[in-house]
Amino acid sequence: MSTETAPAADRVAAPPPPAGWEEARSRVYAVGLAAALPVVARPLVDTDGSTLAEPLTTRTDLPAFPTSSVDGWAVRGGGPWRVVGRVLAGSTPAPLTEDDTTVEIATGAMVPEGATAVLRVEESTTTDGLVSGTPRETPEWRQPGEEAYADEELLPVGTPVDPAVIGLAASCGHDTLRVRRAPRAALLVFGDELLTTGPPAAGRVRDALGPAVPAWLRRYGCQVRPSDVVGPVADTLPAHVAALRSALATADLVCTTGGTMNGPVDHLHPTLEALGADYVVNTVAVRPGFPMLLARLSGHDGRVRFVAGLPGNPQSAIVALVSLVAPLLAGLQGRSMPVLPQATLAEAVPGRGDHTHLALVRLDRAAGTASPVRHVGSAMLRGLAGADGFAVIRPGTSGEPGDRVPIVPLPLLPGERAS
């Protein structure tokens with residue numbers, strides 16, 4: 001990537017006008033998908049939270065052989081049956097070759113060739129070494145291919161890997177999966193006014209984003225090491241340029257907090273210019289959080305890196321995460337564009353004129369409703385701590401009780417499913 005200040009004629013073009021919220025999401029997803037991360041092979045135990053880079057197929061029929069679904073007797077003929085052996089799970093039984101013979105069989109054991117039925121143990125009697133009973137009409141074993149046939153595609157490319165997918169892959173006989181490499185993310189915290197320990201005092205406020213944003217990024221599938229979180233970075237242009245250049249050397253995505261406007265100590269835009277970045281999105285018509293941005297840089301190695309500029313106000317920064325970072329990371333991981341669920345508003349939610357309003361809500365999943373929470377100023381985090389996501393109130397509208405609206409959910413840990 002360029003690390004020198006470009007001549008005036010070659011500098012980054014004037015930033016575009018604010019993008020509509022839905023347009024911005026589509027735009028950043030597209031550039032993420034175009035820069036999708038490399039494919040790697042990982043052991044099953046290391047794939048939770050990653051994304052399938054090739055379809056998941058079966059190596060054999062599932063099940064691969066007929067297996068008993070109950071404890072009982074595998075019988076041949078009409079009975080009563082003479083016991084000639086026992087079959088446990090994990091062994092290959094000898095065929096039943098004579099009528100009116102049986103072997104005791106355990107759940108999950110391979111049904112011997114020649115068996116005509118499986119009689120449940122609780123529906124059988126044994127007298128003088130002979131087993132009697134009436135097998136049910138429905139077969140009590142699982143047939144080969146009952147769940148899937150060999151080489152059948154079970155899950156497509158782009159499927160997020162969770163514990164259920166890992167278990168399915170293991171049952172198919174896989175030891176590794178080919179997945180997209182997890183995004184590497186870093187965070188730069190800007191602002192001389194920030195404290196990193198203790199309570200706010202003497203005109204300085206506690207940094208809430210340095211501890212929180214890495215945890216949000218991990219929930220989106222990123223790798224973030226403690227050394228990837230830097231700050232507060234001094235409010236000078238050289239310090240910003242040096243910090244961003246260093247972070248971009250190892251990260252696929254660098255998030256920054258603060259400095260997205262054009263105030264006297266807002267150095268992010270000049271820093272991006274100095275590094276030769278181009279804007280994908282520069283400000284979004286959304287409230288709160290409109291001064292968010294996403295920029296792209298190409299390295300000397302040909303790999304594309306991204307910088308997500310999050311506003312300094314804490315709730316606005318999280319709005320930027322769910323608005324720009326989430327769809328970007330979906331693209332980088334080769335996943336589909338996130339589809340927003342919907343809920344019914346239980347209370348009114350005001351609009352924000354010609355801007356999209358992302359309103360913090362708590363969901364009642366049983367009722368399918370969303371209720372706004374209190375303490376939702378752009379600098380507040382109290383409402384966020386009790387919320388499940390953001391209701392999307394589109395430009396030029398307001399939300400009335402009973403309206404169905406999209407919900408932007410807050411991210412879950414890898415492997416978690418929404419209830």
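Keep in mind that this is a model prediction, so the values were computed, not measured. When a residue number appears, it is its place in the shown sequence, counting from 1.
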Exercise: do [X] and [Y] side chains pair donor with acceptor under 3.5 Å:
{"X": "Arg404", "Y": "Thr344", "value": "yes"}
{"X": "Ser398", "Y": "Glu400", "value": "yes"}
{"X": "Arg180", "Y": "Thr51", "value": "no"}
{"X": "Thr57", "Y": "Asp151", "value": "no"}
{"X": "Trp141", "Y": "Thr67", "value": "no"}

Q.
Set out, in order, the CA-CA distance, both residues' side-chain angles and the distance that settles salt bridge (Lys or Arg N to Asp or Glu O under 4.0 Å) for Asp388 and Arg362, then state yes or no.
A. CA-CA 5 Å; Asp388 297 301; Arg362 183 179 293 110; 5.4 Å; no
Q | Among Val165, Thr159, Ile166, side-chain contact (heavy atoms from CB on, under 4.5 Å) partner for Asp162 | A | Val165
Q. Of the options Val31, Val254, Leu248, which is the one that meets Phe306 in a side-chain contact (heavy atoms from CB on, under 4.5 Å)?
A. Val31
Q) Is the centre of the Phe190 ring less than 6.0 Å from the centre of the His267 ring? A) no
Identify the heavy atoms of [X] and [Y] that sit nearest to each other, and give their distance.
{"X": "Gly399", "Y": "Leu345", "value": "CA-CD1, 3.5 Å"}
{"X": "Pro291", "Y": "Thr283", "value": "CA-CG2, 4.2 Å"}
{"X": "Asn313", "Y": "Ser378", "value": "CB-O, 3.1 Å"}
{"X": "Leu88", "Y": "Ala106", "value": "CD2-CB, 4.2 Å"}
{"X": "Leu119", "Y": "Ser124", "value": "CD2-CB, 3.5 Å"}
{"X": "Cys172", "Y": "Thr58", "value": "SG-CG2, 3.6 Å"}

Any side-chain heavy atom of [X] within less than 4.5 Å of one from [Y]?
{"X": "Val70", "Y": "Val118", "value": "yes"}
{"X": "Arg25", "Y": "Arg27", "value": "no"}
{"X": "His269", "Y": "Met261", "value": "no"}
{"X": "Val189", "Y": "Leu209", "value": "no"}
{"X": "His375", "Y": "Val373", "value": "no"}
{"X": "Met292", "Y": "Pro311", "value": "yes"}
{"X": "Val319", "Y": "Phe390", "value": "yes"}

Q.
Strictly distance-based, threshold 3.5 Å: is any side-chain N or O of Thr369 a donor or acceptor partner for the main-chain N or O of Ala346?
A. no
Q: Any chance you could measure Leu321, atom CG, to Leu328, atom CG, to the nearest 0.5 Å?
A: 11.0 Å
Q. Looking at OG of Ser323 and CG of Leu310, how far apart are the two atoms once the value is rounded to the nearest 0.5 Å?
A. 10.5 Å
Q: Kindly indicate whether a cation-pi arrangement holds for Arg218 with Trp216, taking the cut-offs as under 6.0 Å to the six-membered ring centre and within 45° of the axis.
A: no
**Q.** Electrostatic pair Asp252-Arg181, nearest N-O below 4.0 angstrom
**A.** yes
